[in-house]
Amino acid sequence: MFNPETFVKEKVEEIKNQVKGRAIIACSGGVDSTVAAKIVEMAIHENLLVVFVDTGFMRKDEAKKVEALFRRAGFNYRIVDSSKEFIEALRGVTDPEEKRKRIGAKFIEVFERIAKEFGAEYLVQGTIAPDWIESGGGLRDTIKSHHNVGGLPEKMNLKLVEPLRDLYKDEVRKVARYLGIETAERQPFPGPGLAIRIIGEVDEEKLHIVREANAIVEEEVERYYDFESRPWQYFAVLLPLRTVGVHGDKRAYGYTVAIRMVESLDGMTAAYFKAPHDLLERIAIRITTEIKEVNRVVYDITNKPPGTIEWE
Ligand code: XMP
């Protein structure tokens, strides 16, 4: 039986012996990176810097929530607002893979800058067993590396510390509970964030629209279902398409938002979620009344394959 108390005690001792200098971790506020950070923090205290890079592509209030989590955990942390740099890096870019590449490169650039400033010699990562066990070129690997935005390069020349390498997700959750770390149990969210939920070029206005629309979808779904019965993922996508509508008694020419909800076990395949009409209607009404730029909402009924979960 896995015992979180013994695990933490042993790891903290091991890290005390292993890490003889400053360390840094890029932490998303997710359970893996936060637990990894906490264990290392217990061993080396303020010699660990916990960094959240705010790309500007995060969900509504996400940076604030992450900061509150870091404060509660007692971390020496930095929230780095790099949103201007990230938007700039995407000017004129419409190709999804090019967006991912540029976001990944910018992330590394920002993070390296901070690591240097702090004088870090060690890099902590929240790698867990399933992240590396299937290495050897399976399909899962290809998809993962392709998706792994924020994957930090070996050329950083930092010594790697991976306290959760041997754990599975349920064990990480047990450790989190034991340590009193409450990361919200949220749906999966892609590293490049809202940037790949805006089809085509990203700009501030579109980011605002998709962020608000997404918050409405999350709020309504989470009000409708408890954690166990929620879909695997549920979100909004902003289309680069304007259609005619009416706002009050005026003809309006507004944006279209697509709602995507899917059931899945691991993201590799997915079935579209048979959402009840009253839930969909409530979401559509709220989006079109609360976001004046949007006058049409559609629901995606495509499975994966042939579709993917994200639209980009
Ligand atoms: P797709 O769209 O490929 O998504 O069916 C499968 C799962 O992966 C997530 N996803 C990503 N995660 N970086 C990530 O960290 C990415 O670039 C990325 N693209 C897709 C997606 O949300 C779904 O859970």
Side-chain angles (χ1 to χ4, degrees), residues 25-34 36 52-60 62 66 86 89-90 93-108 110-111 125-128 130-132 134 138-153 169 172 183-200 202 207 210-211 213-215 217-218 221-222 227 230-239 257-273 299-312:
I25 181 170
C27 185
S28 61
V31 65
D32 300 345
S33 54
T34 310
F52 175 79
V53 177
D54 183 358
T55 59
F57 306 141
M58 299 294 140
R59 286 168 288 185
K60 196 173 176 179
E62 195 145 10
V66 169
F86 276 88
L90 291 191
V93 179
T94 53
D95 178 67
E97 287 314 296
E98 186 61 25
K99 281 185 188 175
R100 285 189 172 81
K101 247 190 249 158
R102 293 202 188 194
I103 295 169
K106 182 51 83 179
F107 190 96
I108 289 164
V110 171
F111 188 73
Q125 292 202 303
T127 321
I128 64 174
D131 296 339
W132 60 272
E134 287 186 16
L139 177 62
R140 177 198 176 101
D141 253 27
T142 328
I143 291 186
K144 271 234 143 179
S145 60
H146 152 90
H147 279 164
N148 193 10
V149 165
L152 297 162
K169 199 78 183 189
V172 179
T183 59
E185 293 259 15
R186 297 188 85 172
Q187 56 171 321
F189 184 68
L194 301 176
I196 56 159
R197 296 200 176 152
I198 293 168
I199 308 307
V202 173
L207 262 174
V210 80
R211 181 177 288 120
N214 196 69
V217 174
E218 289 197 358
V221 169
E222 287 164 18
F227 186 73
R230 274 172 213 161
W232 159 271
Q233 270 179 286
Y234 41 99
F235 56 87
V237 178
L238 180 60
L239 309 191
V257 164
I259 307 300
R260 180 87 162 130
M261 298 188 204
V262 295
E263 287 292 20
S264 178
L265 288 175
D266 55 8
M268 300 289 286
T269 60
Y272 87 86
F273 184 69
Y299 190 58
D300 183 353
I301 54 168
T302 319
N303 296 329
K304 172 185 180 175
T308 47
I309 294 178
E310 305 291 342
W311 277 41
E312 282 207 328

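Heavy atoms only: backbone and side chains are in, while hydrogens, waters and symmetry mates are out. Numbers for residues simply follow the sequence, beginning at 1. Atoms within each ligand, like the ligands themselves, are counted from 1 in listed order.
Residue P190 places no N or O, backbone or side chain, under 3.5 Å from any N or O of ligand 1. Between E312 and ligand 1, no pair of N/O atoms sits closer than 3.5 Å. Annotation: G191 places an N or O atom under 3.5 Å from an N or O atom of ligand 1; distance criterion only. In terms of polar-atom proximity, defined here as any N/O pair under 3.5 Å, Q233 does make such a contact with ligand 1.
Looking at E263, its side chain never comes within 3.5 Å of a backbone N or O of A270 through a donor-acceptor pair. A donor-acceptor contact shorter than 3.5 Å links the side chain of D131 to the backbone of I128. Distance alone, capped at 3.5 Å, is enough to place a donor-acceptor pair between the K99 side chain and the G200 backbone. A donor-acceptor contact shorter than 3.5 Å links the side chain of K304 to the backbone of G267.
Relative to the ring axis of Y234, R260 does not place its NZ or CZ within 45° and under 6.0 Å from the centre.
Compare A195, G267, S264 by their heavy atoms: the one nearest to atom 6 (C) of ligand 1 is in G267.
Listed by number with element, the atoms of ligand 1 under 4.0 Å from a non-hydrogen atom of P192 are 13 (N), 16 (C), 17 (O). Near K304, the atoms of ligand 1 lying under 4.0 angstrom from a non-hydrogen atom of the residue are 1 (P), 3 (O), 5 (O), 6 (C).
Contacts with ligand 1 closer than 4.0 Å are made by side-chain heavy atoms of R100 only, the backbone lying farther away.
A side-chain N or O of E218 and one of Q187 form a donor-acceptor pair less than 3.5 Å apart.
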